[in-house]
Every structure is written in C-alpha cells, then in structure tokens.
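Input: a single structure, listed below in structure tokens.
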Amino acid sequence: MMTPEQNFMRKIEAEEKIEPKDWMPEAYRQNLIRQISQHAHSEVIGMQPEGNWITRAPSLRRKAVLLSKVQDEGGHGLYLYSATETLGVKRADLIAAMQSGEAKYASIFNYPTQTWADIGAIGWLVDGAAIVNQISLQRTSYGPYSRAMIRICKEESFHQRQGYELMIALAHGSPAQKAMAQDALNRFYWPALMMFGPHDAESAHSAKSMTWKIKRETNDDLRQKFIDQTVPQIEFLGLVHPDQDLKWNAERGHYDSGEIDWKEFYNVINGNGHCNRQRVEHHIRAHEEGAWVRDAMTAYNAKQRAKTTE
Ligand code: ACO
C-alpha cells in the first residue's frame, strides 16, 4: 500500500497530471501558488507598458492589433488567477499580496515604453521569451496550470508575430525608423534575458520545482534557447546585436553570451526599477475605481442565485 506521498511521486514520474482534489505535499501547493499567482500578476501588470501606446498607435490597424493584444494579456491573467484559486486561495488575497509588494511580478514590466518601436520589441522579445518559457510549462505537472498554458501559448504566438512584423516595418523603413528599432532592441534585449530568472545555481526554487516537474527546463536552459533563436531574427532585421561578446560555440552547439547585469536584475525585482512604484500605484488606483463593478456583479449573482433557489 502506497502512502499519499509515494502515490503523488508515482504520478509525477508517470507524467500523470496532479488535479486540484488530489493529495499533494503542502510545499508543492505553496510553490505552485507562488509561481502561478506571480505569473498572473505579470500578465495583468504587463498591460500597462503597452496600454501606454494604444492612443498613440500610428494607424487604425496597429491600434486594433495592440488593443486586442493588451486585452488578451488581461484574459491570461484571469485564467491564471482561476488556476491559482483551484489550490484553495482567494484571488483578493493574491492581489493584495502583489499590491503590498510581497508577491513579485515579471521584472520586464518595470521598464518604460519610450517609443513606438518599444511596442514591437515587447511583442517580439518579451512575448518571445515568455513563449519559450511557457511552451515548456505546457508540460507542467499541475493540470489546471498546464491547460491554461496551452491556450495562452496560442495567443502569445500571435503577439510575438505582430511584434516582429512591427519591427520589420521599422527596421526596413526610413533611417530614423531603423534607428528607433535599434534603440528599442538595445534597451529590451538584456531585460528580456532577465525574464528567465537567476542562473540555475542562484535559483532558490528550481531544484524542487524540477523534481516535482512544476518546471520542466531550467532558467539557464530556457534562456539559452531564447538567445539562440533570437540571433537569426536580429540578422534578418539588419540590426546590430546588443551583446558584443556573443560568439558561436561549435563545441556546445550554442551561442556563448556576455554576462547579464545581475545588480540591475535584483534592483528591479526588489522594487527599485524605473517603473515599479508607478505600476503598483496604477494597479491600486484601477482596482479601487473598479470596485463598483465587482460589487455590482456580486449583487447580481446573489440575486440570480436567490431566484433559482426560490
Ligand atoms: N522577474 C521577477 N521576479 C523574478 C524573475 C523575474 N524575471 N525571475 C525570478 N524571479 C524571482 C522569483 O519569483 C523568486 O522570487 P520569490 O521567491 O519571492 O517568489 C526569486 O526571484 C528566485 O528565482 P527562482 O528561484 O529562479 O524562481 P522560480 O523557480 O519561480 O523561476 C521563473 C522564475 C522562471 C520566472 C518561474 O517562476 C516561471 O517560469 N514563471 C512562470 C512564467 C512567468 O511568470 N512569466 C511571466 C512573464 S510572461 C508574461 O507575462 C508575458
């Protein structure tokens, strides 16, 4: 007769998904709550840097694309909050933890969007990095998270393509447009690499998350994939690679790259990036202004429930 813990590990090893009502170690549950909720916060906070350009998109087509992309990110946040709630936590508590700074969200969203080219760079590099990570997470061991990832990856792939298409238009456009594209690449390349988290040796949660198959590939392995896939994309754009130490390593079959500025990374994740304060303040304001919508929905649902039980 197996103990619940042995049965849990048997399922993990057999690639069976863990579902909300299954027994799971408390540390597995807590680690999932931490990761999935931070992922949800990232999707929602990620609406802000791009939302900043909706009113200034240069054509109706670009505006419609950006509007729908930002809306998708809000949707991703909702699936992920729902997936987190299956672990027995309340969404309101998760949001409060993000607003108080106790829970993190992706560092990348603390950088400002200064020019229209930044919208292209975000779609291409930020959503591109997110896809590399999320394709791997489609095979995560927790059922609701894995299923959310499958749908999210389909939408992210549209986001990545619209960003790259925007970069092509600029990089193959006038000299001023090309310079704008290069500047956006220079500013977003390194922060995009930071999205994969610290080096494996510094990553507090990786070992446990890999054993439990919450994570299927390590931070460094995923980052390497992204570095390798981005090189020909930069070449096609005709732009200069921001990493001057980048070199093909035939022995490894991968590019070797320069070191990330880890001081900057830790500064940003500890609340001291360019826009940390602004992002959280904006979230709090929007959340307070939207309280009446939540109240109205709760009242409506209560009335509907009362009608069906009458
Ligand atoms: N931004 C902010 N915080 C980060 C980042 C980052 N780029 N990378 C690591 N951290 C945090 C971790 O959340 C953790 O903090 P905590 O202990 O307070 O929770 C700490 O740094 C240590 O890092 P790790 O031990 O490596 O953490 P983890 O195993 O969770 O790996 C990773 C980090 C790779 C981001 C993982 O959580 C993950 O894959 N998350 C799901 C994907 C995701 O959240 N994507 C968000 C951006 S995509 C988008 O929104 C478009």
Side-chain angles (χ1 to χ4, degrees), residues 27-28 30-50 69-70 72-81 83-84 94 97-98 100-111 121-142 145-146 148-149 152-153 155-160 163 188 190-223 225-226 260-262 264-273 275-276 279:
Y28 174 86
Q30 290 305 331
N31 199 4
L32 277 173
I33 292 172
R34 182 193 63 81
Q35 177 166 327
I36 311 175
S37 66
Q38 294 191 8
H39 195 164
H41 302 327
S42 306
E43 300 282 356
V44 171
I45 293 286
M47 296 166 82
Q48 292 187 41
E50 291 184 289
K69 191 235 185 235
V70 171
D72 285 353
E73 305 295 359
H76 297 174
L78 296 186
Y79 315 149
L80 289 167
Y81 282 126
T84 324
L94 300 173
M98 189 267 283
S100 72
E102 192 191 315
K104 296 186 172 72
Y105 56 84
S107 48
I108 190 79
F109 301 121
N110 293 306
Y111 291 82
I122 289 182
W124 166 37
L125 298 171
V126 175
D127 292 86
I131 294 173
V132 168
N133 174 289
Q134 291 173 168
I135 282 182
S136 169
L137 287 173
Q138 290 179 350
R139 293 184 296 118
T140 190
S141 55
Y142 188 55
Y145 193 24
S146 151
M149 283 297 105
I152 288 176
C153 278
E155 294 180 355
E156 293 290 10
S157 134
F158 153 70
H159 298 168
Q160 195 272 348
F188 278 91
W190 292 104
L193 296 191
M194 295 177 198
M195 288 173 68
F196 295 95
H199 280 313
D200 297 345
E202 312 294 324
S203 165
H205 304 289
S206 277
K208 264 289 186 218
S209 293
M210 292 292 290
T211 309
W212 284 329
K213 298 187 180 170
I214 292 176
K215 281 163 96 166
R216 303 306 307 255
E217 286 168 276
T218 71
N219 297 1
D220 285 328
D221 287 349
L222 290 169
R223 184 169 20 243
K225 266 192 194 168
F226 177 74
I260 289 171
D261 181 350
W262 292 110
E264 175 178 322
F265 170 75
Y266 285 108
N267 248 333
V268 176
I269 70 169
N270 289 320
N272 301 315
C275 301
N276 294 60
R279 300 288 184 242

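Computed from a predicted model, the values in this text were never measured in an experiment. Numbering of ligands and ligand atoms starts at 1, following listing order.
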* To do: Determine, step by step, whether I122 and F188 satisfy the side-chain contact (heavy atoms from CB on, under 4.5 Å) criterion, reporting the C-alpha distance in whole Å, the side-chain angles of both residues, the deciding distance to 0.1 Å, and the verdict.
  => CA-CA 7 Å; I122 289 182; F188 278 91; 3.9 Å; yes
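Among E156, E202, M210, K215, the residue whose heavy atom sits closest to atom 33 (C) of ligand 1 is K215. With A207, S107, S42, A103 as candidates, the residue nearest to atom 6 (C) of ligand 1 on a non-hydrogen basis is S107. In the candidate list E43, R34, H41, E43 is nearest to atom 49 (C) of ligand 1, counting heavy atoms.
By the criterion of a heavy-atom distance under 4.0 Å, the side chain of L137, and not its backbone, is placed next to ligand 1. Contacts with ligand 1 closer than 4.0 Å are made by no heavy atom of L222, backbone or side chain. If you look at F109 next to ligand 1, the close heavy atoms, those under 4.0 Å, all belong to the side chain. Of all the heavy atoms of Y145, the ones lying under 4.0 Å from any atom of ligand 1 belong exclusively to the side chain.
Heavy atoms only, all atoms of each residue included: A148 and L80 are closest at CB-CD2, 4.3 Å. Scanning both residues, S203 and P198, for their nearest heavy atoms gives CA-CG, 4.1 Å.
Results of the side-chain hydrogen bond (donor to acceptor under 3.5 Å, both in side chains) test with K215 over S141, S206, S136 single out S206 as the only residue that passes. Residue Q160 forms a side chain to side chain contact (heavy atoms under 4.5 Å, CB included) with just one option from V126, I131, L125, and that option is I131.
Side-chain contact between F109 and Q48: absent, with no pair of heavy atoms (C-beta onward) separated by less than 4.5 Å. Two residues are said to be in side-chain contact when any heavy atoms from C-beta on lie closer than 4.5 Å; I152 and Y79 meet this criterion. Under the 4.5 Å side-chain criterion, counting only non-hydrogen atoms from C-beta, V44 is not in contact with Y105.
Near A204, the atoms of ligand 1 lying under 4.0 angstrom from a non-hydrogen atom of the residue are 25 (O). Within ligand 1, counting atoms from 1 as listed, the ones closer than 4.0 Å to a heavy atom of H39 are 41 (C), 42 (C), 43 (C), 44 (O), 45 (N), 46 (C). The ligand atoms of ligand 1 that sit less than 4.0 angstrom from a heavy atom of M194 are 7 (N). Ligand 1 places these atoms under 4.0 Å from at least one heavy atom of F196: 34 (C). The ligand atoms of ligand 1 that sit less than 4.0 angstrom from a heavy atom of S203 are 24 (P), 25 (O), 26 (O). Atom numbering of ligand 1 starts at 1 in the shown order; those under 4.0 Å from a heavy atom of G197 are 8 (N), 9 (C).
Using the six-membered ring where Trp is involved, Y145 and H39 have ring planes that are perpendicular, over 60° apart on the 30 and 60° scheme. Aromatic ring pairs are classed by plane angle as parallel below 30°, tilted from 30° to 60° and perpendicular above 60°; the pair F196 and F226 is tilted. In this pair, F265 and W262 present their aromatic rings perpendicular. The plane angle is above 60°, beyond the 30 to 60° band.
Counted by atom type alone, Q35 and H205 present zero donor-acceptor pairs between their side chains at under 3.5 Å. Side chain to side chain, H159 and E156 meet the donor-acceptor criterion of an N or O pair below 3.5 Å.
Not a single protein heavy atom sits closer than 4.0 Å to atom 20 (C) of ligand 1.
Scanning the protein for heavy atoms near atom 27 (O) of ligand 1, the closest one is H205 CD2, 3.6 Å. Annotation: atom 10 (N) of ligand 1 to nearest protein heavy atom, F265 CZ, 4.2 Å. Nearest protein neighbour of atom 39 (O) of ligand 1, counting heavy atoms only, is N133 ND2, 3.0 Å. Regarding atom 11 (C) of ligand 1, its nearest protein heavy-atom neighbour is K104 CD, 3.8 Å. Looking from atom 3 (N) of ligand 1 to the surrounding protein, the closest heavy atom is I269 CG2, 3.5 Å. Of the protein's heavy atoms, Q35 NE2, 3.5 Å lies nearest to atom 38 (C) of ligand 1. Residue, atom and distance of the protein heavy atom nearest to atom 48 (S) of ligand 1 are A130 CB, 3.6 Å. Scanning the protein for heavy atoms near atom 47 (C) of ligand 1, the closest one is A106 CB, 3.7 Å.
At least one N or O atom of Q38 sits closer than 3.5 Å to an N or O atom of ligand 1.
Under a 4.0 Å N-O distance rule, the pair D220/R223 qualifies as a salt bridge.
Ligand 1 is approached by P198 to a heavy-atom distance shorter than 4.0 Å.
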